[in-house]
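Below is one structure, written out as structure tokens; the observations come after it.
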Amino acid sequence: MSVLVFVEGLNGEIKKSSLEAASYGSQVAQQLGTTATAVAIGEVHEEALARLGEQGISKVLYDADDRLKQFVADAYVKVIAKAAQQESAKVLVFSNSNIGAAVGAKLAVRLQGSLATNVTSLPKTDGGSFTVTRGVFSGKAFADVALTSDVKIIAVKKNSVEITHNAGSAATIEKLSADLTDADFAAAPKDTVMQDTEGGVLLPEAEIVVSGGRGLKGPENWHLVEDLAKALGAATACSKPVSDMDWRPHHEHVGQTGITVSPNLYIAIGISGAIQHLAGVNSSKVIVVINKDPEAPFFKAADYGIVGDAFEVVPKLIEAAKALDK
Ligand code: FAD
């Protein structure tokens with residue numbers, strides 16, 4: 001029996017959220033007295049795969065089928081299921097990303113497993129149980145759920161696990177072939193268009209996000225968000241009304257009905273902090289809120305808050321960020 005971690009790649013590297021999943025999976029393996037193997041799909045450099053040893057992964061199975069460069073749910077599920085069968089894996093771990101969410105339910109059906117998404121804790125295994133804590137109601141509450149099937153599938157919430165680094169440890173790499181057929185790619189996307197990111201930072205993967213709301217009064221003031229983002233090497237985002245009014249493009253809208261982001265730092269400028277907005281940003285590691293209303297609900301979710309007028313505060317932050325760069 002082993003623990004299997006599914007890792008996602010981006011531009012040849014392993015995504016940060018998958019490094020978190022790998023660290024989580026190795027700790028579960030330690031708890032169960034077994035080893036953690038990873039399965040990687042798509043385009044990832046071999047050096048990046050070997051480096052998974054630093055997160056406690058002993059072996060990486062890699063399917064280099066060219067058709068897997070784009071995400072195709074049925075094909076990915078077949079590869080992960082094949083790896084699980086080969087390794088007799090009873091615990092499967094991956095990130096609660098869009099791809100993770102898409103494969104999780106299908107895997108649970110295929111492997112007759114119990115699935116817990118949005119997981120924030122290591123399992124409690126007292127007395128033969130296997131219980132994890134997961135965030136519910138857009139992160140407003142937590143629930144403990146027992147995974148009772150033979151196969152347990154865990155999607156780890158982004159930023160809820162520290163990435164472990166055992167310097168010098170390297171994972172071995174083995175090729176895996178799941179004998180994919182054309183039928184596995186019947187529902188494949190025809191093309192993938194990468195978003196035009198202007199500053200070069202892709203919003204869902206950004207480590208720092210600077211986000212603006214209706215408090216910025218109009219699109220003519222967005223240079224404040226853009227200049228701060230540029231000085232910090234951040235991506236830009238906005239609240240829903242801002243994109244509804246066409247101040248910003250829709251692909252920047254974060255929240256329940258927009259993109260979910262999990263950066264290390266989320267800076268919210270002139271955003272009230274409605275629950276629908278928080279749903280998309282509350283797994284950020286550190287949240288900084290700038291709002292002139294001390295009663296703004298966002299302050300309750302903030303790690304740091306500045307009560308002040310954005311038009312006075314943000315230019316000072318830009319200057320400070322530029323000075324840091326020098
Ligand atoms: P406002 O609520 O108008 O807040 C503006 C804030 O700016 C205020 O707190 C104010 O004090 C502050 N402010 C004003 N002037 C200044 C200044 N000079 N300096 C500093 N601060 C200032 N919203 C999302 O964002 N994402 C979603 O995905 C989303 N999905 C939704 C889904 C549904 C079904 C529904 C019903 C709503 C959804 N909403 C979503 C809308 C959400 O409820 C809020 O209406 C929205 O987030 C408010 O946007 P805002 O904070 O930019 O604007």
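Because only heavy atoms are used, hydrogens play no part in the values below, and waters and symmetry mates are left out as well, while side chains stay in. Both ligands and their constituent atoms are indexed starting at 1 by order of listing.
Distance OG/Ser211 to NE2/His277: 4.5 Å, rounded to 0.5 Å. Considering CD of Glu226 and CG of Asn221, their distance stands at 11.0 Å, rounded to 0.5 Å.
The Val254 neighbourhood of ligand 1 comprises atoms 24 (C), 25 (O), 26 (N), 27 (C), 28 (O), with distances under 4.0 Å to a heavy atom of that residue. Close approach of ligand 1 to Ala274 is summarised as follows: ligand atoms under 4.0 Å from at least one heavy atom of the residue are 42 (C), 43 (O), 44 (C), 47 (O). Of all atoms in ligand 1, listed by their number and element, those nearer than 4.0 Å to a heavy atom of Gly258 are 28 (O). Close approach to Gly213 involves these atoms of ligand 1, each under 4.0 Å from a residue heavy atom: 52 (O). Near Asp293, the atoms of ligand 1 lying under 4.0 angstrom from a non-hydrogen atom of the residue are 11 (O). The atoms of ligand 1 that sit less than 4.0 Å from any heavy atom of Asp309 are 17 (C), 18 (N), 19 (N).
With respect to atom 15 (N) of ligand 1, the closest heavy atom belonging to the protein is Lys217 NZ, 2.9 Å. The protein non-hydrogen atom at the shortest distance from atom 19 (N) of ligand 1 is Ala310 N, 2.8 Å. Of the protein's non-hydrogen atoms, Thr257 OG1, 2.8 Å is the one closest to atom 30 (N) of ligand 1. Distance from atom 3 (O) of ligand 1 to its nearest protein heavy atom, with residue and atom name: Arg214 NE, 2.9 Å. Given atom 21 (N) of ligand 1, the protein heavy atom at minimum distance is Lys292 N, 3.2 Å. Among protein heavy atoms, the minimum distance from atom 2 (O) of ligand 1 is reached at Ser272 OG, 2.9 Å. Annotation: atom 25 (O) of ligand 1 to nearest protein heavy atom, His277 ND1, 2.8 Å. Scanning the protein heavy atoms around atom 13 (N) of ligand 1, the nearest turns out to be Gly215 CA, 3.6 Å.
A salt bridge links Glu162 with Lys285; the closest basic N to acidic carboxylate O contact falls under 4.0 Å. Salt-bridge annotation for Lys292 and Glu312: absent, with no side-chain N of the basic residue lying under 4.0 Å from a carboxylate O of the acidic one. Looking at Arg51 and Glu47, no side-chain N of the basic residue comes within less than 4.0 Å of a carboxylate O on the acidic one, giving no salt bridge. In this structure, Glu205 does not pair ionically with Lys158, as no charged nitrogen and carboxylate oxygen lie closer than 4.0 Å. Salt bridge absent: Asp74 and Arg110 never bring a charged side-chain N and a carboxylate O closer than 4.0 Å.
Atom 46 (C) of ligand 1 has its nearest heavy-atom neighbour, among Gly308, Pro297, Pro241, in Pro241. The residue from Glu312, Gln276, Gln256, Lys240 that puts a heavy atom closest to atom 36 (C) of ligand 1 is Gln276. Among Asn291, Ile259, Thr260, Ile306, the residue whose heavy atom lies closest to atom 10 (C) of ligand 1 is Asn291.
With a 4.0 Å heavy-atom cut-off, ligand 1 is reached by no atom of Ile269.
At least one donor-acceptor pair under 3.5 Å links the side chain of Gln55 to the backbone N or O of Thr164. In this structure a side-chain-to-backbone donor-acceptor pair under 3.5 Å is missing from Ser283 to Ser262.
Below 3.5 Å of separation, one finds an N or O of Gly270 facing an N or O of ligand 1. On a distance-only criterion, Phe311 and ligand 1 share no N/O pair closer than 3.5 Å.
The 12-atom threshold is exceeded at CD of Gln31, counting heavy atoms of other residues, nucleotides or ligands nearer than 6.0 Å.
In this structure, Ile275 falls outside the shell of residues with a heavy atom less than 4.0 angstrom from ligand 1. Between Val242 and ligand 1 there is no heavy-atom distance shorter than 4.0 Å.
Under 3.5 Å, the side chains of Ser97 and Glu8 contain a donor-acceptor pair of N or O atoms. For the 3.5 Å distance criterion, the side chains of Lys16 and Asn159 qualify, holding a donor opposite an acceptor. Between the side chains of Glu252 and Thr236, at least one donor-acceptor pair of N or O atoms lies under 3.5 Å.
Counting protein heavy atoms under 4.0 angstrom from atom 34 (C) of ligand 1 gives zero.
Taking the six-membered ring where the residue is Trp, Phe6 and Tyr76 present perpendicular rings, their angle passing 60° and hence far from 30°.
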